[in-house]
Every structure is written in C-alpha cells, then in structure tokens.
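Written below as structure tokens is the structure these notes are about.
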2 protein chains.
Amino acid sequence: MIQDKKLNIINAAMKSFSHFGYKATTMDQIAKIAQVGKGTIYTYFSSKEDVLNEIIKLYVIEMRQVARGAIIQEDPFVKNFNAALHAITKFQEEHELMIKLSQEVKDMGTPEVIEVLQEVEDEICEFIEMKITAAIQRGELQKCDPKMTAFLMFKMYINLVNDWKERHQALDQDEITGFIKMYFIEGIGNKK
Amino acid sequence: MIQDKKLNIINAAMKSFSHFGYKATTMDQIAKIAQVGKGTIYTYFSSKEDVLNEIIKLYVIEMRQVARGAIIQEDPFVKNFNAALHAITKFQEEHELMIKLSQEVKDMGTPEVIEVLQEVEDEICEFIEMKITAAIQRGELQKCDPKMTAFLMFKMYINLVNDWKERHQALDQDEITGFIKMYFIEGIGNKK
DNA sequence: AATTGACCGTTATAGTATTATAGTCATTAT
DNA sequence: ATAATGACTATAATACTATAACGGTCAATT
C-alpha cells in the first residue's frame, strides 16, 4: 500500500512530464493526477528533482531490459549493436518522455533535465561498452578502448539516425547497420 | 577607395562581432568603429545580416586557404585530414569570431548565427568531401559515399576534440589522428 | 554621386506588480 | 502514533508597462 502510493505518484509525474515537460509540470498537478495531497509527495520524495531522478532510474532499468531483449547471442556484434540501439530508439519514441525532455532541453535548457538526459546517454554508452568488451574478448573486435569506442559508436549512430536526416534523406535500420559496419568495423582504408 | 570603405566596415564589424557577438553589436557601433556614418554601411550592405554573411564569406575563403596550406601532397589521407582539421581549429581559436558566435548560438540561439555556422560546417564538410573523392580515385580509400563519409569524419573529429574532453581527458593531435585512423580507416573488426 | 546623422516604426529592455510555484507544517484522519 | 492533507509562505516566474535602443530610411550636405 505504501509502495502503491509512491507508484501512483511516479506514474502521475511520468504522465505529466511526458505531456508537458519537467518545468511545466507542477507539484500540485502531480498531486491532483495521483489523487493525493501535495504534502504526501514529500513523504516519498525530497523534491521535484528527486521525483524526476527516480523516474529516470526506473526508465533506465526498463531501457536496459529492452536493449537486452534485442540482443541475439549468436548474432555478430554490429548487428546486435544496431538492434539494441534501434530498440532503444523505438522505446523512446513509444514513451514520449524522452522526446518531450529533449525538446525542453533544446528550447529552455532546463539544467535538471540536461543532467538526467546525460545520465541516460551515459547509461546507453555503458551498455555498449559492456558489449564491446565482450566482443573484444571473443576476438570479434580488435583491442581498443571500450569506453571511447562505445562513445564514438553511439555518437555515430545518433549522427546517422538524427543529424544526417536534417540535411539529407533519412536512413532505414538496415542502411544504418551497413554504414556502421562499413565505417567502424571494416574501415574504408585500402590495404596494400 | 570604394573598396577601402567597404573593407573598413567589414573589419569594424568583424572586430565587434568577435568581441560582443552578433546580437550585441549595433549598426551604430560598427559605423563608429569604421568611422563612417551609419547610412554609409547601407551603401555597401543591405542589412546587418548581409554584413554577417559577407564576413563569413571572407572567413570561409581564408579558412579554406588555411586548410589547403596544411595539406602535404605526399602524405596519406588521414594525416592530411587531421592536419587540415587541426589547422582549421587553430585558425578558429586565433580569430575569436567563431568561438563568440558559437557561444551566442548556445546561449541565445540567434537564428542568423545558427545559419552561418551551419554554412561554415557545410564548407568544411565539402572540403573534406573533395579530399575523400580524390583519395578514392587514388585508390587510397575504398569506394564510399564521399558526402556521408565527410559528414561522419567531421562529426567524429568534433566528438574527439570537443565532446570527449567534456567527460574525460582531452586528447592531443596525434592521439586524434591515431583514433580516426584506427576507427575509420582500418576498422576495429577482426577479419577471420 | 556619395555620405551623413537625425529621424521613424518596431523591437527589446528595465522596472514593477502580480501571479504561480516548490516546499513546509499545523491540523486532521486513520 | 503515523500518515495524509491543503492552507500557507517565501521565492521565483510571469505579465505588464514605460522607456530606451535598435535597424533601417532619407532629406540635407558635401
């Protein structure tokens, strides 16, 4: 029952953050949606930012599960990389939370939101890093700094999925897998 | 003499844009620094934005020369890529214009400035694209879409030079060349 | 023909009054 | 006792308004 109330509040806040963003959501609104008094929120959370952080904590857990679910053990590294990132992207599109928060960062720059989005990005990079480390041990990838490789692969994925389409035609999932493989795994140098 | 006055104005505007940014620079200020009446500016330029655009046009020409100057014909592609980008970066650091304008975009989002910065980025990408096309013809690089390759290489360079150092240790020029070569040219896949 | 700065309509800024908000806490309900 | 509540408060955001600054024009001047 105590967990029930906390979950109520989290769900209410999630809903409101997703619809209106972090700043535009008031504690009164959360209380109203959750059907609790505003004071009750402060029994379970220390502040508005704390509510956001707890939501992101849960979100990240879900996201990790989604990413794990996209992995197929026998498949090669690049394919799994793309599958996981694609699953995460789809997950984020389904739950408008991240989209709304990204927008908010873009046009208001809310510091608390910048911070949590960075956390989510770090989390994704850490996930990729794990997979890279494993792939290196398996001998599928050459020795390289897994943290930097994860960082660069993630950035390239975002570049391909989001940034490229701003100036050119959008790419589909298979094209993206192909490009990541070509540029990152095989390299475009000609061995002599 | 007529060019002299136009150049005066351009230099004055360049100085002011570099010091105070685009928005914070007034036409009166430009006129004062250039020691001309404000009306005179409008003999040579149609608007404030036009002044900015002409400045960027000249800036891009200079930048291209700097990039060309960094290229050594006999050197391999990656080395030249890094040399050119490094030269551009140094050039931008010396002339505070781009730094100031980047700041302005970050914390005010001035549309005119966003546009010209995008132009500069496009210009750099086009320069890289040319070099890539040449390297493919030379047989130094495999066949690939030069536009996309240029785009991705540029982004990776920025990721390594700017973004990585925000969360980890900054990298020096040789390290960056090494990483670009490793990830982009050679690839990190293990051929079986 | 080129240059100029006072001038104009519009936009931005500063100052202020008002509202809205995050967080508290005495009261109430359980 | 403990948990829940919403009126309350100090602070921060917003709306409003008066003022200043701005980009751009143009009649007067060189």
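We name chains A, B, ... by the order of the sequence lines, and we start the count at 1 in each one.
Taking only side-chain nitrogens and oxygens, Tyr44(B) comes nearer than 4.0 Å to OP1 or OP2 of dT3(C). Note on Thr43(B): every side-chain N or O is 4.0 Å or more away from OP1 and OP2 of dA2(C).
Of the candidate nucleotides dA22(C), dG23(D), dA4(D), dG23(D) has the atom lying nearest to any side-chain atom of Lys38(B). Of the candidate nucleotides dG24(D), dT5(D), dT4(C), dG24(D) has the atom lying nearest to any side-chain atom of Ser47(B).
Between Gln35(A) and Met108(A), the one whose closest nucleotide on DNA chain D sits nearer the 5' end is Gln35(A). Nearest-nucleotide positions on DNA chain C place Gly39(B) closer to the 5' end than the other of Thr25(A) and Gly39(B).
Atom CG in Asp28(A) sits about 11 Å away from atom P in dA20(C), given to the nearest Å. If you take OH of Tyr22(B) and C1' of dC22(D), they are 12 Å apart, rounded to a whole angstrom. We find that CD1 of Ile30(A) is positioned 17 Å from C1' of dT5(D), with the value rounded to whole Å. What separates CD of Glu49(A) from C1' of dT21(C) is a distance of 16 Å, to the nearest Å. In this structure, Lys23(B) places its NZ atom 15 Å from P of dA21(D), rounding to the nearest Å. The nearest whole Å value for the distance from the CE atom in Met27(B) to the P atom in dG5(C) is 15 Å. Atom CG of Leu52(B) and atom P of dG23(D) are 13 Å apart (whole Å). In this structure, the CD atom of Glu112(A) is 11 Å from the P atom of dA22(C), given to the nearest Å.
A donor-acceptor contact under 3.5 Å is not formed by the side chain of Lys5(A) with the base of dA3(D). With hydrogens and angles ignored, no donor-acceptor pair closer than 3.5 Å exists between the side chain of Lys48(A) and the base of dG23(C).
Cation-pi check for Lys181(A) over Phe81(A) is not met; the charged atom does not lie both under 6.0 angstrom from the ring centroid and within 45 degrees of its normal.
Taking a cutoff of 4.0 Å between a charged side-chain nitrogen and a carboxylate oxygen, Lys155(B) and Glu121(B) qualify as a salt bridge.
Residue Tyr157(A) is not grouped with residue Ile71(A) when hydrophobic side chains (ILVMFWY) are merged at heavy-atom distances under 4.5 angstrom, including chains of intermediate members. Cluster membership check: Val120(B) shares its hydrophobic cluster with Leu97(B), using side-chain heavy-atom separations under 4.5 Å among Ile, Leu, Val, Met, Phe, Trp and Tyr.
Side-chain contact of Asn162(A) with Glu166(A): a donor-acceptor pair under 3.5 Å is absent, judged by distance alone.
Among the heavy atoms of the strands lying under 4.0 Å from Thr26(A) are primed sugar atoms or P, OP1, OP2 only; no base atom is included. Ser46(B) comes within 4.0 angstrom of no nucleic acid atom, judged by non-hydrogen atoms across all strands.
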